[in-house]
Amino acid sequence: MGKFYVTTPIYYVTAKPHIGHAYTTVIADILARWHRLKGEKVFFLTGTDEHGGKVEKYAADAGKSPKEFVDDVANSYKFAWDSLNISYDKFIRTTDKEHEVAVQRFANLIWDNGDIYKSKYEGWYCLPDETFIPDSEITDEKCPYCGRPVQRLQEDAFFFSLSRYREPLLRVFDENKTFLMPKSRYNEILNRLNDELKDLDITRKSVKWGIQFPPSPDHTIYVWFDALLNYISALGWPDGENFKEFWPADVHVVGKEIAWFHSVIWPAMLLAGDISLPKAVLSHGWWTVDGKKMSKSLGNVVDPMDIIKRYSEDAFRYFLIKEKPIWEDGDFSEKALVSRINGELVADLGNLVSRVLTLASRYKGEIAGDIDLENADIDKISSLFDSFDVTGALEEVWKFIRSVNKYINDKEPWKLEGAELGRVLNNSLEAIRVIAILLEPFMPASAVKIREQLGVRETKFSDIKLSTFNGSVKRGENLFKKYD
RNA sequence: AGCGGGGUAGAGCAGCCAGGAGUGCUCGUUGGGCUCAUAACCCAAAGGUCAAUGGUUCAAAUCCAUUCCCCGCUACCA
């Protein structure tokens, strides 16, 4: 029996959950559920990234202590993931004691290995806010938070010798062509890797809300260095049972903007600590909203909770996966969401279940007979999942749903009776049973509803085969509601 | 500026790497079938100078060159 370890990034607590977080998490959830369906041992990790100067600042603005602030935000993520039916096995927070201990242990380890050295960090500093601001956020030498002028300052800092790992990383990219997906992103990162690699400052003297850097306790550890280690600290590195069983990760699901951290910095850290590398980094595209980039200033940030409330968690999950290939960018709009609900969830799937269950509930004879409906292409779906193409896999499931609708039209069961009707119903009901299993990773709540109406319980991989129906049909409410 | 992605029927895409009649998918439009079903499902049709120009070739959406337009990334936004 295989194992499967899948992660999302841990989300930075300065933002509430939005469509982007939901997207990454849903992709990881679908992969986790698929592998569980196959009978593998699965560990699915998500969580929150809670340290750093920005968090201090946000907490102060909210009139809270950093701890109160991060507790609140972590809860809002947990609530969102529960609402979206996310089947995570562990929710890690970087303020967890186990995590902090592991990070310090790791820092000590590579310090002892000689991969950390002392130097100077130079950056833009906002005096009133007492914080360094990343270059990328500075415009006109003004602080993005308070708008006051920033100045160039230096402080002592410790550096991770990232540059030392350029050659080994190039070898990783060369030996594993799917180390970073999609291919276009792989090429992009490889290109940058061919240039030069600067060492990375991994401590901040000016930030108090962080993990102490053991070799120099007046420094705290840079949030990214801290955050990336969650993938092993959550498993109890170095001695935990989970670490032995699940590491290396099968896939880190990330957004395209942090592909660099996961395919370069993180592997370099692992190499420095003499820890094996993850097998793959899956870097997905972004959502725009109504054709525009999502941003706080535009006020077009999509709140998953709002969408779930007004539609349903499954409609939202379905849309996120079906609307665009995961590698590409795509656009979210309620118009497109409603169109997919009405045109696909209601018309294809919901209606199929509805028409078959009506026919079946009127029929009193035996439901049995030869299978003359072509099975779903499980091999194709499996191989699509193996290459993490969840959109393609869902499309393949949908092809099967359409083929069943066609089968019913061709067979005209409403004109049949007796054994012949029993046979067509057997094919149709079996098909719906199989569809419920195949949809389990994508729309778990709907899969349960379908099984309830069919009166069956199977969810095993080996049950994805048309056979003889042995449930007891109980026609229920429509699966999906139509919207105007 | 550098790097990357894209421009294919009214809309959104696939096809391009390994050239072979514009092939395909979803939605929309039009016509038909069916009446079990959430006015749903099934079938058919109309609709494209494959961004532009030049080149290679018996043959180019596909390969090469140049140009135009859109978008993204560039190191703490999924």
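Numbers restart at 1 for each chain; the letters A, B, ... are given by sequence-line order, proteins then strands.
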Taking atom P in both B:A75 and B:A14, what distance in whole Å separates the two?
-> 28 Å
Taking the same atom, P, in B:C77 and in B:A11, what whole-Å distance lies between them?
-> 36 Å
For B:C58, the Watson-Crick or wobble counterpart (both distances under 3.5 Å) = B:G20
B:U29 to B:A21 separation - C1' atoms, rounded to the nearest Å = 27 Å
Across the strands shown, which category fits A:Arg402 at heavy-atom distances under 4.0 angstrom: base, sugar-phosphate, nothing?
-> sugar-phosphate
Hey, does A:Arg340 reach any base, or is it just sugar-phosphate, or nothing, if we go heavy atoms under 4.0 Å?
-> nothing
Give A:Lys256 one of three labels, base, sugar-phosphate or nothing, depending on what nucleic acid heavy atoms sit under 4.0 Å from its own.
-> sugar-phosphate
Nearest whole angstrom, please: distance from the P of B:C42 to the CH2 of A:Trp414.
-> 11 Å
Complementary nucleotide of B:C50, counting Watson-Crick and G-U pairs under 3.5 Å = none
For RNA chain B, which residues in residues 348-360 of chain A have a heavy atom at a distance below 4.0 Å?
-> A:Asp348, A:Gly350, A:Asn351, A:Ser354, A:Arg355, A:Thr358, A:Leu359
Select base, sugar-phosphate, or nothing to describe what A:Val264 touches, counting heavy atoms under 4.0 Å on all strands.
-> nothing
With nearest nucleotides of RNA chain B determined for A:Leu345 and A:His18 from heavy-atom distances, which residue corresponds to the more 5′ nucleotide?
-> A:Leu345
Touch check for A:Trp398, heavy atoms < 4.0 angstrom, all strands: base, sugar-phosphate only, or nothing?
-> nothing
In whole Å, what is the span from the CG atom of A:Leu200 to the C1' atom of B:A75?
-> 9 Å
Aromatic centroids of A:Tyr231 and A:Tyr5 separated by under 6.0 Å = no
Tell me what A:Tyr222 touches on the nucleic acid: a base, only sugar-phosphate, or nothing, going by heavy atoms under 4.0 Å.
-> base
Worked verdict on A:Lys380 versus A:Glu396 for salt bridge (Lys or Arg N to Asp or Glu O under 4.0 Å) = CA-CA 8 Å; A:Lys380 186 163 183 192; A:Glu396 204 54 39; 3.5 Å; yes
How is A:Lys415 classified with respect to the nucleic acid when contacts are heavy atoms under 4.0 Å: base, sugar-phosphate, or nothing?
-> sugar-phosphate
Identify each atom pair where a protein N or O and an N or O of nucleotides 29-33 of chain B are less than 3.5 Å apart, giving names and distance.
residue : atom : partner  : partner atom : Å
B:G33   : N2   : A:Asn409 : ND2          : 3.1

Looking just at side-chain N and O atoms, do A:Tyr318 and A:Ser446 make a donor-acceptor pair shorter than 3.5 Å?
-> no
A:Phe261 near the nucleic acid: base, sugar-phosphate alone, or nothing, with a heavy-atom cut-off under 4.0 Å?
-> sugar-phosphate
Length of the CZ-P vector between A:Arg185 and B:U74, whole Å = 11 Å
Hey, does A:Gly255 reach any base, or is it just sugar-phosphate, or nothing, if we go heavy atoms under 4.0 Å?
-> sugar-phosphate
Identify whether any heavy atom of A:Glu323 sits under 4.0 Å from a base atom; if not, whether one sits that close to sugar-phosphate; answer base, sugar-phosphate or nothing.
-> nothing
Is B:C41 paired to anything, Watson-Crick or G-U wobble with both distances less than 3.5 Å, and if yes, which nucleotide?
-> B:G33
Anything under 30° is parallel, anything over 60° is perpendicular, the rest tilted; go ahead and classify A:Tyr11 against A:Tyr77.
-> parallel
If you measure only the distance, is there a donor-acceptor pair under 3.5 Å linking the side chains of A:Thr94 and A:Asp226?
-> no
